[in-house]
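Notes follow once the structure below has been shown.
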Amino acid sequence: MTDSADAISREPGREQIIDRYARISRLGGWHRARSQLKRAVFNTAVAGTLLVKRLLDIVANIFLLIALIPFFALVALLIRLDSSGPILFNQVRVGRWGKTFAIWKFRSMYTDAEERKAALEKQQVVDAHHAQAQGFKMKKDPRITRVG
């Protein structure tokens, strides 16, 4: 026989393939149980790693917040000395799946920044395409405090 004839004879025929997969259905209950056990072990492992990651995030954030308290106090003092108004700025943002949440951050602009914005938009000369694409941007924005 030639090499190609040997290769063809070694390939399983249609009857052999059907027989192989027919045996699986006879042993189906055992295979299904084994498959479900594998899936359960995998899901437990994935859930366990997600839990460990979440706990690590929480512990690391607590340590970092404690370590950065002196820096936060210095920034708060500088904001208070630079301009009047609250130290923190509250903003509502949209998160995953459209869920809104409040974020608190150090204030980097003067408290009347929104009122000043209308006057500054008139001064800004930008073509319509860029203004629509990026919103209001200005180099050396006078609304930003020295600390900001």
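Start at 1 with the first residue, then count along the sequence. Being a predicted model, the structure only gives us computed values, none of them experimental. Excluded from the calculations below are hydrogen atoms, water molecules and symmetry mates; all remaining heavy atoms, backbone and side chain alike, are included.
Under the 4.5 Å side-chain contact rule for hydrophobic residues, Leu56 and Leu65 do not share a cluster. Hydrophobic clustering keeps Leu50 apart from Ile58 (ILVMFWY residues linked when any side-chain heavy atoms are closer than 4.5 Å, directly or through intermediates). One hydrophobic cluster holds both Trp104 and Val75 under the rule that ILVMFWY side chains link at heavy-atom gaps under 4.5 Å. Leu88 and Ile69 fall into different hydrophobic clusters, where Ile, Leu, Val, Met, Phe, Trp and Tyr side chains are chained together by heavy-atom contacts under 4.5 Å. Val59 and Leu51 are not part of a single hydrophobic cluster, where members link through side-chain heavy atoms under 4.5 Å apart.
For the atom pair CZ of Arg80 and CD1 of Ile87, the computed distance is 4.5 Å after rounding to the nearest 0.5 Å. The CZ atom of Phe101 sits 9.5 Å away from atom CD of Gln91, with the distance rounded to the nearest 0.5 Å.
In this view, Phe106 and Phe72 satisfy the ring-ring contact (aromatic ring centres under 6.0 Å, His included) rule, not counting sequence neighbours.
Residue pairs meeting the side chain to side chain donor-acceptor pair (under 3.5 Å) criterion with at least one partner in residues 46-73, sequence neighbours excluded, are Lys53-Asp57.
The two atoms that bring Val94 and Thr100 nearest to each other are CG2-CG2, 4.2 Å, heavy atoms only.
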Trace of the side-chain contact (heavy atoms from CB on, under 4.5 Å) decision for Lys38 with Gln36 = CA-CA 5 Å; Lys38 281 182 169 181; Gln36 288 173 352; over 6 Å; no
